[in-house]
Amino acid sequence: MPAAERFFDSERYLRTVAAEKAPAKSEEEAHAAAKLACCRPAAVILDAGCGNGRHALPLARAGYRVVALDRAGVLLDAARHAARGARWPLFVRGSYASLPFGRGVFDAVLCLGTALGYLGDEGDRIALREFRRALVPGGRLVIETLHRGELGAHLGEHEERVLPRGGTLRFERRFDRAHGVMRETQRLEEGHGSDSSATYDLRVYGAGELQGMLEDAGFTVIARHASLAGEGDPSPVTPLVLVAESGAS
């Protein structure tokens, strides 16, 4: 199992990083992304890399038909539990580099919360082609991820967060600027000899670099933003949000 997959497919991740995401903020992000994607009522949306369903669940409650896909069984189980048997979202375990769906199934694809970047350059290129294949002609893809310029400017090499339920989560990051790769180690310190750590690599893109990859995959990039709210231009101290439209098949 790749290091990133092991990292996310764990109760530890669910208890730490995922648990820090405020539901109200996640709901706000989800609706903002759907607006950027120009989703009509009852649109069919793929939440690619859905995690514990923090975006998929509020979108489903709003009436969208959401398919929530992730490789992490632990996170999908948590999302299913939170859905309480509702018809939507439909939860699917799988990789966005090999989508288990036919051509032209979705009105929109959302890839939020830095879900892109764990497969390396070629894997991400395959994923973008898969997103385009699964979209209806003219359907939109919304990507929210780290901006390469954030590394070292906004996102430091050392960070620590005191968790609401106790314990401290420490981050150690190393940036390979030549290859655009961040290696992050997260160490959870809970005392009583229960400390644990996990490491993964993340490919981080600049706006022009990711736009070029989208164009190679058959998309037209129609907007670049500093947030899902659709305001401002991406910069070294903001996330990177790209909105792209699929062409005719």
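A quick note: this is a predicted structure, and the numbers were derived from the prediction, not measured.
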With distance as the sole test, does [X] use its side chain to make a donor-acceptor pair with the main-chain N or O of [Y] at under 3.5 Å?
X	Y	value
Arg93	Arg71	yes
Glu144	Val241	no
Thr238	Ser235	yes

Original post:
Listed by chain and number, what are the side-chain contact (heavy atoms from CB on, under 4.5 Å) partners of Glu160, not counting sequence neighbours?
Top reply: Thr168, Arg170
Report yes if some heavy atom in the side chain of [X] is under 4.5 Å from a heavy atom in the side chain of [Y]; otherwise report no.
X	Y	value
Arg125	Asp216	yes
Val142	Leu228	yes
Leu76	Cys50	yes
Leu119	Ile126	no
Arg187	Glu172	no
Leu110	Leu59	yes
Phe171	Glu184	yes
Met182	Asp201	no

If you group Ile, Leu, Val, Met, Phe, Trp and Tyr by side-chain heavy-atom gaps below 4.5 Å, do [X] and [Y] land in one group?
X	Y	answer
Tyr96	Leu242	yes
Phe106	Val66	no
Leu141	Val105	yes
Leu57	Leu112	no
Leu214	Leu99	yes

Which atom names give the shortest non-hydrogen contact between [X] and [Y], and what distance separates them?
X	Y	result
Val204	Arg148	CG1-CA, 3.4 Å
Asn52	Ala78	CB-CB, 4.4 Å
Ala207	Leu240	CB-CD1, 3.7 Å

Original post:
Among all residues two or more places apart in sequence or in another chain, which pass the ring pair (Phe, Tyr, Trp, His ring centres under 6.0 Å) test with Tyr64?
Top reply: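 Tyr64: no ring pair (Phe, Tyr, Trp, His ring centres under 6.0 Å) contacts found.
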Original post:
With respect to Tyr205, which candidate in Ile143, Leu210, Leu146 satisfies the side-chain contact (heavy atoms from CB on, under 4.5 Å) definition?
Top reply: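 It is Leu210; the other options fail the test.
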Mind checking the [atom1]-[atom2] spacing from [X] to [Y]? Nearest 0.5 Å is all I need.
X	Y	atom1	atom2	answer
Ser227	Glu29	OG	CD	9.5 Å
Ser246	Arg132	OG	CZ	6.5 Å
Arg80	Leu90	CZ	CG	8.5 Å
Arg54	Lys25	CZ	NZ	9.5 Å

Please output the side-chain donor-acceptor pairs of residues 32-49 that fall under 3.5 Å, not counting sequence neighbours, one pair per line with the distance.
from	atom 1	to	atom 2	distance (Å)
Arg40	NH1	Asp107	OD1	3.1
Arg40	NH1	Asp107	OD2	3.2
Asp47	OD2	Ala56	N	3.4

**OP:** Sort out for me which residue in Asp176, Asp121, Thr145 forms a side chain to side chain donor-acceptor pair (under 3.5 Å) with Arg203.
**Re:**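 With Arg203 as partner, Asp176, Asp121, Thr145 yield a single side chain to side chain donor-acceptor pair (under 3.5 Å), made by Asp121.
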**OP:** Return the orientation label for the Tyr200 and Tyr118 ring planes: parallel under 30°, perpendicular over 60°, tilted otherwise.
**Re:**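 Rings of Tyr200 and Tyr118: tilted, as their planes differ by 30° to 60°.
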Original post:
Within a reach of under 6.0 Å around CZ of Arg174, are more than 12 heavy atoms found that belong to other residues, nucleotides or ligands?
Top reply: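 More than 12 heavy atoms, drawn from other residues, nucleotides or ligands, come within 6.0 Å of this atom.
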Original post:
Should Phe219 and Leu135 be marked as a side-chain contact (heavy atoms from CB on, under 4.5 Å) after you check the CA-CA gap, both sets of side-chain angles, and the distance that decides it?
Top reply: CA-CA 11 Å; Phe219 285 98; Leu135 276 167; 3.6 Å; yes
Original post:
Are Met213 and Asp124 close enough, and set up right, to give a side-chain contact (heavy atoms from CB on, under 4.5 Å), and what steps lead you there?
Top reply: CA-CA 9 Å; Met213 291 171 63; Asp124 287 341; 4.0 Å; yes
